Number of protein chains: 2
Amino acid sequence: MSETNMDVGEHAALFPCGSSDHEDCGLRLILDRLGEKWTVMTLAELTSGPRRYRELERALEGISQRMMTLTLRRLERDGLVVRHVEATVPPSVSYELSELGHSLATRLSEMVTWSRKNKSLIEASQAEFDARG
Amino acid sequence: MSETNMDVGEHAALFPCGSSDHEDCGLRLILDRLGEKWTVMTLAELTSGPRRYRELERALEGISQRMMTLTLRRLERDGLVVRHVEATVPPSVSYELSELGHSLATRLSEMVTWSRKNKSLIEASQAEFDARG
DNA sequence: CAGCATCCTCTATGATACTG
DNA sequence: CAGTATCATAGAGGATGCTG
């Protein structure tokens with residue numbers, strides 16, 4: 001009853017991202033990253049603990065070396081992932097989520113829950129939509 | 001069953017999207033949509049209530065007609081937005097969030113909160129990272 | 001007003017080769 | 001092992017013109 005009953009009149013934006021505010025309230029900052037092909041899977045893999053470069057590469061089946069590096073660099077740049085270097089021979093480099101990274105991963109897991117819950121609903125809608133030309 | 005021999009104090013994955021599960025637990029289904037350039041702003045605008053095509057176009061300053069239509073079609077296809085047609089002359093078409101759309105918008109607003117809260121942290125990290133390249 | 005069709009550009013990503 | 005550098009390409013998105 002009190003579910004979605006937040007009267008949606010004319011001017012009560014649930015979240016102010018669009019309109020004249022082109023800076024998107026900072027959402028794009030993180031959404032652009034999440035929209036990249038391998039970012040989410042990389043974060044997901046790292047929620048289990050630190051991983052070495054090669055381990056990640058194996059876990060993310062199909063990723064190119066180029067994208068593995070790019071993805072990790074960008075996550076590091078955002079402060080979501082921390083890079084550790086062991087100056088051994090051969091070198092050993094591991095990556096792990098920062099505190100910020102973990103906090104994002106938590107949010108992401110909530111989105112996963114939502115996705116799981118509504119996946120069939122969405123796919124049904126798509127199927128119906130497609131069935132009409 | 002598998003090689004659990006390397007438990008370096010690992011925890012279970014917070015969300016199971018990567019590794020062998022290529023279907024991404026359905027997250028990509030929605031993340032791909034949110035990653036598109038105008039989707040979030042469109043949803044944001046619609047949280048305030050129904051909007052006509054032209055109203056949306058004006059609100060989302062800079063969007064092309066092509067992308068406005070594509071974005072709305074895809075949202076409609078996903079069942080996140082409902083399209084209403086008034087067969088007047090000239091025609092009047094309005095769009096509004098479905099219940100599913102509202103539920104997603106709610107999640108999104110939580111992400112916005114997170115983004116707002118950590119925006120400066122991320123940007124600081126980026127600045128520091130760049131200062132060393 | 002609310003679109004659809006067409007052309008074009010630019011970027012994300014993939015493939016491949018090389019190195020400390 | 002853990003990258004960097006280079007080349008190639010599919011697709012997202014922009015610009016423009018047309019229509020019911």
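Worth saying up front: this structure is predicted, and the values here are computed from it rather than measured.
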A:Ile30 versus A:Leu80: any side-chain heavy-atom pair under 4.5 Å?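 Contact flag for A:Ile30/A:Leu80 side chains = yes.
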
Indicate yes or no for a side-chain donor-acceptor contact from [X] to the backbone of [Y] under 3.5 Å, with no hydrogens or angles considered.
X: B:Thr69; Y: B:Arg66; value: no
X: A:Arg107; Y: A:His102; value: no
X: A:Thr39; Y: A:Arg33; value: yes

Tell me the interatomic distance from [X], atom [atom1], to [N], atom [atom2], rounded to whole angstroms.
X: B:His84; N: C:dC1; atom1: NE2; atom2: C1'; answer: 18 Å
X: A:Met67; N: C:dT11; atom1: CE; atom2: C1'; answer: 11 Å
X: A:Leu70; N: D:dT6; atom1: CG; atom2: P; answer: 14 Å
X: A:Glu61; N: C:dG14; atom1: CD; atom2: P; answer: 13 Å
X: B:Glu86; N: C:dG3; atom1: CD; atom2: C1'; answer: 17 Å
X: B:Met68; N: D:dG14; atom1: CE; atom2: P; answer: 12 Å
X: B:Arg83; N: C:dC4; atom1: CZ; atom2: C1'; answer: 12 Å
X: A:Arg51; N: D:dA2; atom1: CZ; atom2: P; answer: 13 Å

For the OG atom of B:Ser94 and the CD atom of B:Glu86, what is their distance to the nearest 0.5 Å?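 B:Ser94 OG to B:Glu86 CD: 7.0 Å, rounded to 0.5 Å.
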
Check this one for me: any side-chain N or O of [X] less than 4.0 Å away from OP1 or OP2 of [N]?
X: B:Arg73; N: C:dC4; answer: yes
X: A:Tyr95; N: D:dG3; answer: yes
X: B:Arg54; N: C:dA2; answer: no
X: B:Arg52; N: C:dA2; answer: yes
X: B:Arg74; N: D:dG13; answer: yes
X: A:Arg33; N: C:dA12; answer: no
X: A:Arg66; N: D:dA2; answer: no

Remember a base hit wins even if backbone is also touched, and classify A:Gln65 as base, sugar-phosphate or nothing at under 4.0 Å, heavy atoms.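 Base, at least one base atom sits under 4.0 Å.
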
With sugar-phosphate meaning primed atoms plus P, OP1 and OP2, does A:Ser92 contact a base, only sugar-phosphate, or nothing at under 4.0 Å between heavy atoms?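 Counting heavy atoms under 4.0 Å across all strands, the contact made by A:Ser92 is with sugar-phosphate only.
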
Let me spell it out: for each of A:Pro91 and B:Glu55, pick the nucleotide of DNA chain C with the closest heavy atom. Which residue's pick is nearer the 5' end?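 Per heavy-atom nearest nucleotide, the more 5' residue is B:Glu55.
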
Starting from the 5' end of DNA chain C, give me the residue, A:Glu36 or B:Leu72, whose nearest nucleotide shows up first.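 Its nucleotide being nearer the 5' end, the pick is B:Leu72.
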
Going by the side-chain contact (heavy atoms from CB on, under 4.5 Å) test, name the single residue among A:Leu60, A:Leu75, A:Leu43 that passes it with A:Trp38.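 Of A:Leu60, A:Leu75, A:Leu43, side-chain contact (heavy atoms from CB on, under 4.5 Å) with A:Trp38 is met by A:Leu60 alone.
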
Options C:dA2, D:dG14, D:dG3, nucleotide nearest the side-chain atoms of B:Trp38: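 So the nucleotide nearest the side chain must be D:dG14.
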
Among D:dG3, C:dG14, C:dG3, which nucleotide sits nearest the side chain of A:Lys37?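 Nearest nucleotide to the side chain: C:dG14.
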
